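All of these numbers come straight from a predicted model, not from anything done at the bench. Values below: all heavy atoms of this structure, side chains included; hydrogens, waters and symmetry mates excluded.
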Amino acid sequence: MSGNQSILSRSLQSVWHPCTQMKLHENFPLIPIQKGDGVWLIDKDSKRYLDAVSSWWVNLFGHNNPRIKDAIKLQLDTLEHVMLAGFTHVPVVELSEKLAKLTGLGHAFYASDGASATEIALKMSFHYWRNSGKPNKTQFISLQNSYHGETLGALGVTDVAIFKDTYAALLMQSAQMPSPDFRLSELDESAEDFALRCADDLERYVSQHHEQLAAFIIEPLVQCAAGMGMYHSIYLQRARQICTQYQVHLIADEIAVGFGRTGSMFASYNDCDTACTFKICTKKQDCRPDFMCLSKGITGGYLPLSCVLTKDEIYQAFYDDSAARGFLHSHSYTGNPLACSAALATLAIFESDNVITSNQAKSAYIQTKMQALTHFPIQHLRHQGMISAFDVVTHNPHFSKDCYAAALIHGLLIRPIGNTIYFMPPYTITEPEIDFMIEATVKVLQKVL
Ligand SMILES: *Cc1c(COP(=O)(O)O)cnc(C)c1O
């Protein structure tokens, strides 16, 4: 304990922790994690915590994963980093080719975190219209309760009051469209009808403002930071049609939902025929977003990397003799070889282990087990692939913190969002580990409610 004490107080002295009112730690101790093993995080006293939030939604295949670790080690022996302006390397080329094949979006621009990917997509969209003789298309729209990151541009299209309100005076203006999150629907309305009604609202707005609109940015299928707000996929299809019809870009922010989280490799293609090659879609329409933002799970949770993918038509609008028509954006670690090698190892696991298919059984098992939670006062029990959530009916204003603290005592890491408890575990979670996760949650609810 005394060993912990010193690292804890040193951390509070010197480290400004993210998303935290630091004074809170007068009552809540930090947890000093020493190592990871699969779904488990292990602290200095060898106490184990099941990481049911994949360490902020980044870890796909467990901590200390031998395949990802070995790929990084191998890369480390040849090239740790080189600037990507004027230079290239095999890992970044291979990763770009693989992502192009998976998404149908053939041009990859890299950065290091999700918020930067949002910034890049917004700037590229604006710049595309400028290069295309439409300099008035300067505005962006997003969904009510959206989350796209916390740098100033990304915060401008984010709609979460606790992150946004303080900085309102600094932010670019954007309009928010009604969210199709089915929790917001009328009682007698199906999720599909509600999604269609929200899409009609979107169309009304876009039809009136398209001459000023550059892009609509959206989190496909699940608004994660809003408390795992899920919606019917018909909304995505309609959004794609509306954006095409009125010449507004569609930016798919797959930073949280990409890489299998919602049950398909990318949530944008949830309804797509698996045989679709993006050239001859059986639905005879181009379902691709104009931009796709990826990060979080892209390296399996090992190294910071993000990416904006876009299509040839957009890329070509920048290709010119004039430097200013080019996209003159950069980050120091753009396309870092170690991060790209971790991403390639992550994609290799998807292929060799048939992850999308095997996750179906895992998701079904989680859903069955979660029936045990229906004895508590909960509502909106919901699932989408490897995301499960429910809202607890309680008037306790400290519910989220109380649950978080009680869960840690039982060896479980959850971070409820308001009254929403969610599970977003690594895909390597086993059935006994799922049992543990649910049983610990039962104990937490018994204590907190
Ligand atoms: C996490 C997240 C971001 C921001 O990514 P960071 O790496 O935290 O900057 C953006 N959009 C969505 C949907 C996210 O979940």
Item to check | salt bridge (charged side-chain N to carboxylate O under 4.0 Å, His left out) assessment of Asp290 paired with Arg240 | outcome: CA-CA 9 Å; Asp290 299 287; Arg240 177 64 281 179; 3.1 Å; yes
Checklist entry - Under 4.5 Å between any side-chain heavy atoms of Leu143 and Glu219, yes or no? => result no
Next on the checklist: In the structure I gave you, are the side-chain heavy atoms of Ser46 and Arg48 within less than 4.5 Å of one another anywhere?
Outcome noted: no
Checklist entry - Under 6.0 Å from the six-membered ring centre of Tyr49 and within 45° of its axis: does the NZ or CZ of Lys47 meet both? => result yes
Checklist entry - Any idea how Phe259 and Phe266 line up, ring-wise: parallel (<30°), tilted (30 to 60°), or perpendicular (>60°)? => result perpendicular
Checklist entry - Yes or no on side chain to side chain donor-acceptor pair (under 3.5 Å) for Ser9 and Gln13, after CA distance, side-chain angles and deciding distance? => result CA-CA 6 Å; Ser9 55; Gln13 285 285 320; over 6 Å; no
Checklist entry - Between Ile387 and Met230, does a side-chain contact (heavy atoms from CB on, under 4.5 Å) hold up when you go through it step by step? => result CA-CA 10 Å; Ile387 307 175; Met230 300 183 183; 3.8 Å; yes
Checklist entry - Taking the six-membered ring for Trp, are the ring centroids of Tyr147 and Phe163 within less than 6.0 Å of each other? => result yes
Item to check | Residue pair Pro337 / Pro91: nearest heavy atoms and the distance that separates them | outcome: O-CB, 4.0 Å
Checklist entry - Got Val392 and Gln379 here, is their nearest side-chain heavy-atom distance under 4.5 Å? => result no
Next on the checklist: Less than 6.0 angstrom separating the ring centers of Tyr427 and Phe61, yes or no?
Outcome noted: yes
Item to check | Closest non-hydrogen atom pair, Val157 against Ser142 | outcome: O-OG, 2.8 Å
Item to check | Near-ring test His380/Phe390, centroid separation under 6.0 angstrom | outcome: no
Show me the donor-acceptor pairs, under 3.5 Å and distance only, between side chains in residues 399-411 and residues at least two apart or in other chains.
unit_1: Ser400; atom_1: OG; unit_2: Pro416; atom_2: O; d: 2.9
unit_1: Asp402; atom_1: OD2; unit_2: Asn396; atom_2: ND2; d: 2.9

Checklist entry - More than 12 heavy atoms of other residues, nucleotides or ligands under 6.0 Å from CD1 of Ile162: is that the case? => result no
Checklist entry - Phe182 and His232: ring pair (Phe, Tyr, Trp, His ring centres under 6.0 Å), yes or no, with the steps? => result CA-CA 8 Å; Phe182 77 76; His232 196 282; over 10 Å; no
Checklist entry - Should the pair Tyr333 and His81 be assigned to parallel (<30°), tilted (30 to 60°) or perpendicular (>60°) ring geometry? => result tilted
Next on the checklist: Checking Leu413 against Val53 for the side-chain contact (heavy atoms from CB on, under 4.5 Å) test, could you report, in this order, the C-alpha distance in whole Å, the side-chain angles of both residues, the deciding distance, and whether it holds?
Outcome noted: CA-CA 7 Å; Leu413 167 53; Val53 298; 4.0 Å; yes
Checklist entry - Residues in side-chain contact (heavy atoms from CB on, under 4.5 Å) with Gln21, at least two apart? => result Lys23
Item to check | Residue pair Tyr302 / Asn65, side-chain heavy-atom distance below 4.5 Å | outcome: yes
Item to check | Heavy-atom side-chain proximity of Leu60 to Phe350 below 4.5 angstrom | outcome: yes
Next on the checklist: Just checking Tyr167: does its OH atom have more than 12 heavy atoms from other residues, nucleotides or ligands closer to it than 6.0 angstrom?
Outcome noted: no
Checklist entry - Does the side-chain contact (heavy atoms from CB on, under 4.5 Å) test come out yes or no for Met370 and Leu373, once each step is laid out? => result CA-CA 5 Å; Met370 282 178 74; Leu373 299 164; 4.0 Å; yes
Item to check | side-chain contact (heavy atoms from CB on, under 4.5 Å) between Ile251 and Leu122, worked out | outcome: CA-CA 8 Å; Ile251 302 173; Leu122 298 176; 4.0 Å; yes
Checklist entry - Do Met292 and Thr310 have side chains that get closer than 4.5 Å, going by heavy atoms? => result no
Sequence neighbours left out, cut at 3.5 Å: what donor-acceptor pairs do the side chains of residues 436-449 make with other protein atoms?
unit_1: Thr441; atom_1: OG1; unit_2: Met437; atom_2: O; d: 2.7

Item to check | Note, Asp391 side chain near Ile421 side chain (heavy atom, < 4.5 Å) | outcome: no
